[in-house]
Amino acid sequence: MKLELRGITKRFGSLVANDHIDLTVEPGEIHALLGENGAGKSTLMNVLYGLYQADEGEILLDDVPQRFRGPGDAMAAGIGMVHQHFMLIPVFTVAENVALGHEKVRRSGALDLDAARAEVRGVADRFGFHVDPDAIVEDLPVGVQQRVEIIKALARDARVLVFDEPTAVLTPQETDELMAMMRQLRDEGVGIVFITHKLREVREVADRITVIRRGKVVGEASPTSTNAELASLMVGRAVELTVHKEPARPRPGGLVVEGLRVLTPEGVVLVDDVSFTVQPGEILAIAGVQGNGQTELTEAIMGLETRVTGSIALDGQELVGASVRRILDAGVGFVPEDRKIDGLVGGMSIAENLVLDRSDAPEFVTAGTLRRGALDDFARERIEEFDIRAQGPLTPAGTLSGGNQQKVVVAREMSRDLKVLLAAQPTRGVDVGSIEFIHSRIVAARDAGVAVIVVSTELDEVVALADRIAVMYRGRIVGIVPSDTPRDVLGLMMAGAQEAAA
């Protein structure tokens with residue numbers, strides 16, 4: 001089945017999220033839709049799936065115009081979507097999830113679970129998915145849960161499948177398995193839209209590539225295009241993708257974590273006996289699939305978790321039990337994983353956000369009165385130094401792009417005298433150009449003698465920045481390895497299938 005989008009335009013007030021986008025997906029083709037977060041990719045697919053109604057343009061299937069009033073209409077027409085965040089009921093079985101929404105019933109009115117199980121087995125056997133119909137979804141690994149999403153779509157006779165950032169929660173091995181599945185589906189005649197911002201993956205699996213930027217199609221590319229060529233299309237300028245850094249020169253001291261445990265109020269262990277050291281002048285990257293204790297580990301280091309045992313010592317000073325204020329004053333800088341919730345106050349100006357953690361500092365306050373001139377001068381210097389694209393210091397932080405918001409957070413933390421920089425998902429949701437800049441600043445902090453901890457689910461980022469890599473799985477560090485450790489080994493560690501001596 002051929003899919004064609006013609007002139008799709010979608011507005012949200014004055015924001016034009018999609019601007020006259022054309023896209024064609026042929027049967028048996030993997031068509032990658034490449035663009036940074038916020039470029040309009042997911043909005044376009046939500047229009048296709050009936051979740052949004054386009055303001056202009058039309059959708060055609062085999063040259064016949066369609067109008068989808070909701071996902072049910074799209075599914076009935078043969079369009080399926082595998083969402084980045086799975087649309088599964090965790091406590092249901094695989095068969096129950098697949099049957100949900102188009103249940104088959106016996107004459108008695110009871111749900112025909114045998115038919116649902118047979119449907120799962122039929123699709124699974126056809127594509128070699130190896131999924132147990134009676135398994136409870138929440139007990140399945142993330143990669144298998146994704147297969148259940150695919151089975152759901154195929155069980156509804158989907159002839160066009162949309163994969164929305166499908167590798168965001170997968171290990172490298174699970175990503176390879178997904179790519180193999182996509183190729184098999186393509187060979188069966190299914191048309192696939194692959195939404196991503198990961199250059200390596202799109203070059204590996206796509207037959208054609210369409211690049212969108214700020215809601216517009218800016219070009220088509222071949223899978224033989226280089227990463228640099230694709231990145232320049234995404235950003236609109238040449239981008240340096242390689243992280244350049246000299247070998248680390250660690251110095252004595254730094255942060256020493258020993259036997260750290262973090263528990264929920266119910267006593268569930270989220271961080272389990274974690275120990276590591278990061279010295280001044282090195283970057284320790286903590287890798288792992290999201291949800292394996294990384295968030296709780298960073299919050300424990302920053303004093304944001306209360307149910308903590310073990311030791312966190314900075315140059316011999318114990319931080320467990322210390323207030324966030326004391327930890328900041330000890331020289332710890334923190335780039336949180338969610339800048340909008342934990343990193344910025346959107347309604348406050350750039351200048352105000354740049355001094356959130358030192359608003360009472362003498363250089364900005366005299367006799368309890370804010371020195372606006374000193375604050376604005378400081379902000380202008382940071383805006384220039386960190387290449388923050390804004391009209392000026394008084395611009396509300398919430399109006400900035402994701403990349404520029406992240407630069408504000410990075411600028412604030414790196415403008416203090418630091419002993420430790422803790423950067424959690426430092427480039428999540430930012431454009432390639434901002435990634436380039438933020439990586440360079442992290443390396444510069446290391447070279448200036450700061451002990452740097454980078455927590456990231458992006459394996460490419462981990463490998464590019466790290467001097468050493470600690471891999472977390474189910475709350476534990478399963479190994480600390482050199483940065484040149486092969487990706488397949490790291491992937492096995494991320495899945496808990498292999499441990500390395502710390």
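Residue pairs meeting the salt bridge (charged side-chain N to carboxylate O under 4.0 Å, His left out) criterion with at least one member in residues 7-16, sequence neighbours excluded: R11-E56. Sorted by first and then second residue, the pairs that involve residues 2-22 and meet ring-ring contact (aromatic ring centres under 6.0 Å, His included), not counting sequence neighbours, are F12-Y52.
At least one side-chain heavy atom of Q53 sits under 4.5 Å from a side-chain heavy atom of R67. V443 has its side chain within reach of L465: a pair of non-hydrogen atoms, C-beta onward, lies under 4.5 Å apart. D176 places none of its side-chain heavy atoms less than 4.5 Å from the side chain of D488. For the pair V455/E337, no side-chain contact is recorded, criterion being any heavy-atom separation below 4.5 Å from C-beta on. Under the 4.5 Å side-chain criterion, counting only non-hydrogen atoms from C-beta, P27 is not in contact with R159. T457 is not listed as a side-chain neighbour of V462, based on a closest heavy-atom distance of 4.5 Å or more. Inter-residue side-chain proximity for V162 and I195 is flagged as met; some heavy-atom pair is nearer than 4.5 Å. Side-chain atoms of S42 and D164, non-hydrogen and from C-beta on, do get closer than 4.5 Å to each other.
Between R183 and E204 there is a salt bridge, since at least one side-chain N of the basic residue sits less than 4.0 Å from a carboxylate O of the acidic one. Contact check on R474 versus D272 returns no salt bridge, with no Lys/Arg side-chain nitrogen under 4.0 Å from an Asp/Glu carboxylate oxygen.
Side-chain atoms of Q294 come within 3.5 Å of backbone atoms of G288 as a donor-acceptor pair (strictly under, hydrogens ignored). With N353 contributing its side chain and V409 its backbone, the two residues share no donor-acceptor pair below 3.5 Å. With hydrogens and angles disregarded, a donor-acceptor distance shorter than 3.5 Å links the side chain of R412 to the backbone of G343. Judged by distance alone, the side chain of T264 and the main-chain N or O of V268 form a donor-acceptor pair under 3.5 Å. No donor-acceptor pair closer than 3.5 Å links the side chain of Q425 to the backbone N or O of D338. Side chain of D467 to main chain of I283: a donor-acceptor pair is present (N/O by atom type, distance under 3.5 Å, no hydrogens or angles). Looking at H31, its side chain does come within 3.5 Å of a backbone N or O of T24 through a donor-acceptor pair. Between the side chain of N18 and the backbone N or O of G215, no donor-acceptor pair lies under 3.5 Å. In this structure a side-chain-to-backbone donor-acceptor pair under 3.5 Å is present from K245 to A464. The backbone N or O of S225 lies less than 3.5 Å from a partner atom in the side chain of R203, making a donor-acceptor pair.
With respect to E149, the side-chain contact (heavy atoms from CB on, under 4.5 Å) criterion is satisfied by exactly one of Q145, R147, K152: K152. Considering K2, R208, R186 in turn, R208 is the only one that fulfils the salt bridge (Lys or Arg N to Asp or Glu O under 4.0 Å) rule with E29.
Looking at residues two or more places apart in sequence or on another chain, you find no salt bridge (charged side-chain N to carboxylate O under 4.0 Å, His left out) involving E138. Partners of D114 under the salt bridge (charged side-chain N to carboxylate O under 4.0 Å, His left out) rule, at least two apart in sequence or in another chain, are R106, R117. Considering only residues two or more places apart in sequence or on other chains, E461 meets the salt bridge (charged side-chain N to carboxylate O under 4.0 Å, His left out) condition with none of them. In terms of the side-chain contact (heavy atoms from CB on, under 4.5 Å) criterion, residue partners of M75 (sequence neighbours excluded) are, by chain and number, Y49, P71, R156.
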Worked check of side-chain contact (heavy atoms from CB on, under 4.5 Å) between E299 and V262 = CA-CA 10 Å; E299 290 178 348; V262 179; over 6 Å; no
What's the verdict on side-chain contact (heavy atoms from CB on, under 4.5 Å) for L400 and I350, showing C-alpha distance, side-chain angles and the deciding distance?
-> CA-CA 9 Å; L400 302 176; I350 293 174; 3.9 Å; yes
Checking side-chain contact (heavy atoms from CB on, under 4.5 Å) for the pair D460/K198: CA distance, chi angles, key distance, verdict?
-> CA-CA 9 Å; D460 288 340; K198 297 182 179 180; 5.8 Å; no
Any chance you could lay out the side-chain contact (heavy atoms from CB on, under 4.5 Å) test for L61 and L3, step after step, and finish with the verdict?
-> CA-CA 5 Å; L61 296 175; L3 166 68; 3.7 Å; yes
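The shortest heavy-atom contact between L111 and K104 is CD1-O, 3.5 Å. For the residue pair M494 and Y473, the shortest heavy atom distance occurs at O-CD1, 3.3 Å. A54 and V47 get closest at one heavy-atom pair: CB-CG1, 3.8 Å. Heavy atoms only, all atoms of each residue included: T298 and F334 are closest at CB-CE1, 4.4 Å. When all heavy atoms of P426 and I438 are compared, the closest pair comes out as O-CD1, 3.8 Å. Considering all non-hydrogen atoms of both residues, L490 and L459 come closest at CD1-CD1, 3.9 Å.
Here the CE-CD1 distance, from M45 to I79, works out to 9.0 Å after rounding to the nearest 0.5 Å. One distance of note links CG of D22 with CD of E4; it measures 7.5 Å at 0.5 Å rounding. The CG atom of L44 sits 5.5 Å away from atom CG of L5, with the distance rounded to the nearest 0.5 Å. Atoms CG and CD1, on D273 and I477 in that order, are 10.0 Å from each other to the nearest 0.5 Å. E220 CD to L34 CG: the interatomic distance, rounded to the nearest 0.5 Å, is 12.0 Å. Here CG of D342 is found 7.5 Å from CG of L304. Values are rounded to the nearest 0.5 Å.
By the neighbour-count criterion of 12 heavy atoms within 6.0 Å, atom NE2 of H244 is densely surrounded, having more than that number from other residues, nucleotides or ligands.
With hydrogens and angles left out, the side-chain atoms of E201 and T167 include a donor and acceptor closer than 3.5 Å.
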